[in-house]
Asks: 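Structure below; questions to follow.
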Amino acid sequence: MVLDWHSCCAGILLWSILLIQHGQHIAGSIAFAVLVNMKHLYACLAPVYVVFLLRHYCRGRQAVRRFVTLAGAVTSVCALSFGPFILTGQFSQILQRLFPFGRGLCHAYWAANFWALYSFADKALAMLLPRVGFSVDAPAAYMTGGLVQVTQFAVLPSPSPSATLLIVLLAMLPCLFSLWRNPKPESFLPAVVYASLCSFMFGYHVHEKAILMVTIPMAMAAAVSRQDARQYFVLSTAGHVALMPLLFTEQEYPVKVLLVMLHAACSYRLLCAAVGADFLHTVERIYLGGFVALEAYCAGLHSIAFGLKLPFLPLLLVSVYSALGVMQIWLCMASHWLTMPSANLTGHKKSS
Amino acid sequence: MGEPSGRATLCGLTIICAVALLVRCMVALHPYSGAGISPMYGDYEAQRHWMELSIHLPVTEWYAEGKSNNLTYWGLDYPPLSGYQSWLFGTAIHALDPDAVALHTSQGYETQHSKFLMRLSVIASDLLVFFPAVLLCLRVFGGSKTLQERQWWLLMVLLQPAAVLIDHGHFQYNNISLGFAAGAAGAIAAGHDCWGSVLFCLSLNHKQMSMYYAPAFFAHLLGKCLQRPTALTKVGAIAKLGLVVVATFALCWAPFLSSPSSALQVLQRLIPVKRGLYEDYVANFWCVSSPVFKWRRVYSQQALVKLCAGASLAAALPSMLYQMRAPSAKGLLLGMANSSLAFFLFSYQVHEKSILLPLLPVSLLAFEESVVAARLPVWATISMYPLLKKDGLSIAYLASLILWFAVAPGIVAKSNNTHAAGGSSNNISTDDVGVEGGIQSSTQGKLLGQRCLHYVSILSILPATCIHAAQFAVEPPARYLHLYDAAFVTLAFVHIAATFVYLNVRQHEVTRTALANLGDEAA
């Protein structure tokens with residue numbers, strides 16, 4: 001079984017969001033600072049926090065004083081956390097451990113994000129192009145060997161860590177821009193969800209567990225509208241199925257299958273009760289139904305068809321299929337944020 | 001408010017069954033009894049050994065001392081149906097992992113794969129026997145309840161921590177005999193006395209522990225037969241049931257009936273006369289009172305056996321008499337609870353696992369006796385903590401109890417609501433409709449009794465938590481090494497005894513109501 005402190009961090013994230021939504025900005029910021037100092041993964045949400053707090057909280061006559069209080073609170077939390085290590089001269093060591101860019105774009109097992117689709121496309125091209133006459137230099141089982149290392153792509157350009165960071169920020173721009181123009185408290189949670197989804201989609205060396213960073217806050221507002229319910233249900237189901245290969249022992253199999261199925265069944269019933277039945281489009285129903293076939297293949301059909309050969313194929317299929325669903329949800333959300341400013345140009349009020 | 005559609009009901013009940021299945025799969029990840037403890041190991045090894053014996057030896061040699069069957073190393077000591085069940089699962093495991101059940105060479109065989117297969121067999125027996133029986137009981141006892149109440153009931157019966165921890169953690173197959181017993185209760189309550197008798201005989205032939213229920217079934221069925229109009233129909237009914245019982249026993253014992261010696265051999269293995277008054281620490285009268293009165297020193301073994309038999313029968317007698325005078329569906333469940341509690345408290349050589357027997361009817365009574373159904377499993381589980389700790393199941397124990405505390409108040413709240421709303425409409429359809437005055441006083445008495453039980457258990461949560469905490473912090477003094485075990489069982493005994501008294505009072509009231517109703521009909 002995988003052991004980690006995710007529940008603790010997810011809890012702190014939820015607290016932070018709740019506090020900010022209810023107007024307790026300083027407390028919410030401190031909670032967020034604690035969160036980032038516990039898992040730096042959450043630093044990807046910092047742009048949203050910064051933009052929202054600057055525009056919503058630090059305004060009017062109190063602006064400068066509020067900014068100073070906020071900055072002071074956050075800095076003191078970071079000082080408490082890093083202080084001892086800075087004083088003993090170990091700060092650069094920490095930075096190296098926190099950002100291990102030697103681990104490669106994809107984890108040994110691919111997260112269900114854009115880079116999974118990208119790697120799949122690269123592998124497909126590497127297999128197809130030689131047949132039409134191009135020569136491709138690709139070592140055997142690159143990226144699917146189960147090793148954690150930096151690999152060069154065979155056909156498509158290999159993105160560097162800074163390139164991925166740039167892409168994440170670009171992806172977040174529509175949301176940040178919309179939040180800058182219209183910093184409503186109701187937009188805060190959707191913005192946090194979108195920002196974490198962007199970093200999941202395009203980040204460097206993303207672990208598939210990181211989908212939980214998206215689904216847990218998303219669940220808070222899933223029952224608000226049919227659109228939200230649909231997005232949550234597709235994303236959470238795809239994300240959870242993508243997590244299943246993490247638990248690979250025989251005795252964990254019934255547990256993981258039952259957990260994922262029960263969560264899907266219960267959330268479907270609850271969402272139907274909240275927003276009305278049939279909130280899924282037909283395409284989405286077919287997509288979700290495909291997971292059953294996928295699991296049947298991974299659990300039994302693959303070993304019947306291939307025996308012990310191509311061990312990575314079931315994992316690749318799970319990643320890519322889940323990534324399709326996650327990608328579709330991201331595109332939905334991105335287009336929503338892109339079209340939002342035009343809808344809300346005249347709704348903005350100055351808060352004191 | 002309209003009744004929800006059949007589809008919604010089915011969906012809800014399926015989800016609850018799936019949750020119960022998930023909890024069982026999760027408990028199954030934990031260690032089992034005797035894991036890695038050679039040379040004797042524990043109950044898991046016993047079950048594996050019986051599978052090994054049953055698939056390799058002919059039936060007549062299962063209970064006999066022989067060169068392949070050393071009775072001192074986990075000899076088979078359950079009735080024949082257990083043997084057939086071992087054979088069935090042994091055949092399946094032999095097909096998937098032959099080394100696990102190979103004759104002679106598989107003693108102490110422990111691998112992840114064989115553990116998975118053995119755990120699967122317990123889950124399979126749950127799905128094949130226990131779940132269907134419980135769903136039958138839901139249909140019979142919960143016909144007139146709302147969907148919410150039925151869902152809470154099902155959740156409570158299926159998630160009962162003691163049963164889940166013992167069957168899927170410690171490793172036993174109590175779910176089969178308990179499932180047959182529950183099915184028997186449901187069938188008899190629905191009026192199918194013959195099928196009920198068959199099912200109870202199957203339960204008895206799987207584990208002789210079900211004998212604890214026998215007085216209740218006997219009294220109830222006799223009472224029903226005696227209610228027939230004429231002497232001829234009375235005798236006819238009794239004869240029919242007798243025939244059914246004898247036929248079921250004959251079928252189960254068929255391979256052993258070829259000679260009296262083979263049948264005797266089996267019986268000798270089933271009745272543990274050579275063992276002591278109690279083993280380890282169990283929350284019954286003899287063990288809890290032993291610091292005060294040393295029973296084992298004062299009386300000889302023969303005298304103790306007679307004393308226990310007498311005390312148990314005396315304790316079970318009131319509920320038997322009530323049932324014989326005025327049998328009813330609710331009375332049957334109360335009778336089962338009372339007779340199994342009487343035997344648990346006063347019988348000879350009682351295991352702490354025997355508390356599962358009273359827990360079954362108490363859970364099935366969750367609609368009417370919601371406070372007892374919510375509280376007794378907690379104390380039963382706490383009484384088994386020393387055993388669970390030895391098996392390495394402490395975390396599963398804690399998690400099951402926390403889950404139970406999350407689920408149990410649901411049914412207490414539901415039934416309190418319906419009581420407040422003017423109880424008579426929701427009384428169980430299978431019970432006789434009572435006279436107004438009878439209902440009134442019985443409901444008041446019941447509420448008072450429930451309130452007492454409620455406060456007693458709330459007040460004892462603090463000592464229970466303190467004992468748990470102290471166990472980690474403070475070492476017991478050398479003279480009283482088992483101080484904590486004794487403390488757990490004493491605390492549990494107080495609640496079990498209080499529950500026994502309360503349920504007897506309830507049975508008295510139910511009988512009075514039923515008699516008053518019969519008097520009305522006759523008049």
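Chain identifiers are assigned alphabetically (A, B, ...) following the order of the sequence lines, protein sequences preceding nucleic acid strands; residue numbering begins at 1 within each chain. The basis for the numbers below is simple: all heavy atoms, side chains too, and nothing from hydrogens, waters or symmetry mates.
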Asks: Looking at residues at least two apart in the chain, or sitting in another chain, which of them share a side-chain contact (heavy atoms from CB on, under 4.5 Å) with B:Ile55?
Replies: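 Result, side-chain contact (heavy atoms from CB on, under 4.5 Å) vs B:Ile55: B:Trp87, B:Thr91, B:His94, B:Val101.
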Asks: Parallel, tilted or perpendicular: which one describes the rings of A:Phe291 and A:Tyr321, with boundaries at 30° and 60°?
Replies: perpendicular
Asks: What part of B:Val23 gets closer than 4.5 Å to chain A, counting heavy atoms only: side chain, backbone, both or neither?
Replies: neither
Asks: Check whether A:Lys256 reaches the backbone of A:Met244 with its side chain - one donor and one acceptor, N or O, closer than 3.5 Å.
Replies: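 Yes, A:Lys256 side chain to A:Met244 backbone: donor-acceptor pair under 3.5 Å.
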Asks: Looking at B:Lys390, I'd like to know if its NZ atom is crowded, meaning that more than 12 non-hydrogen atoms belonging to other residues, nucleotides or ligands lie closer than 6.0 Å.
Replies: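 Result for NZ/B:Lys390: open.
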Asks: B:Asn174 side chain to B:Asp167 main-chain N or O, any donor-acceptor pair under 3.5 Å?
Replies: no
Asks: Could you list which of residues 265-282 of chain A have a heavy atom closer than 4.5 Å to any heavy atom of chain B, in residue-number order?
Replies: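 So far as heavy atoms go, A:Ala265, A:Cys266, A:Arg269 are the residues that approach chain B to under 4.5 Å.
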Asks: Mind checking side chain to side chain donor-acceptor pair (under 3.5 Å) for A:Asn37 and listing every partner two or more places apart, or none if nothing turns up?
Replies: A:Ser81
Asks: Would you mind reporting whether B:Phe367 and B:Leu138 have side-chain heavy atoms less than 4.5 Å apart?
Replies: yes
Asks: Pairing donors with acceptors under 3.5 angstrom, does anything connect the side chains of B:Asp126 and B:His168?
Replies: yes
Asks: Taking 4.5 Å as the heavy-atom cut-off, does anything in residues 106-121 of chain B contact chain A, and if so which residues?
Replies: B:Gln112, B:His113, B:Lys115, B:Phe116
Asks: Compute the ring centroids of A:Tyr42 and A:Phe32, then answer whether they are less than 6.0 Å apart.
Replies: no
Asks: Is the side chain of A:Ser16 donor-acceptor paired with the backbone N or O of A:Ile12 at a distance under 3.5 Å, no angle test?
Replies: no
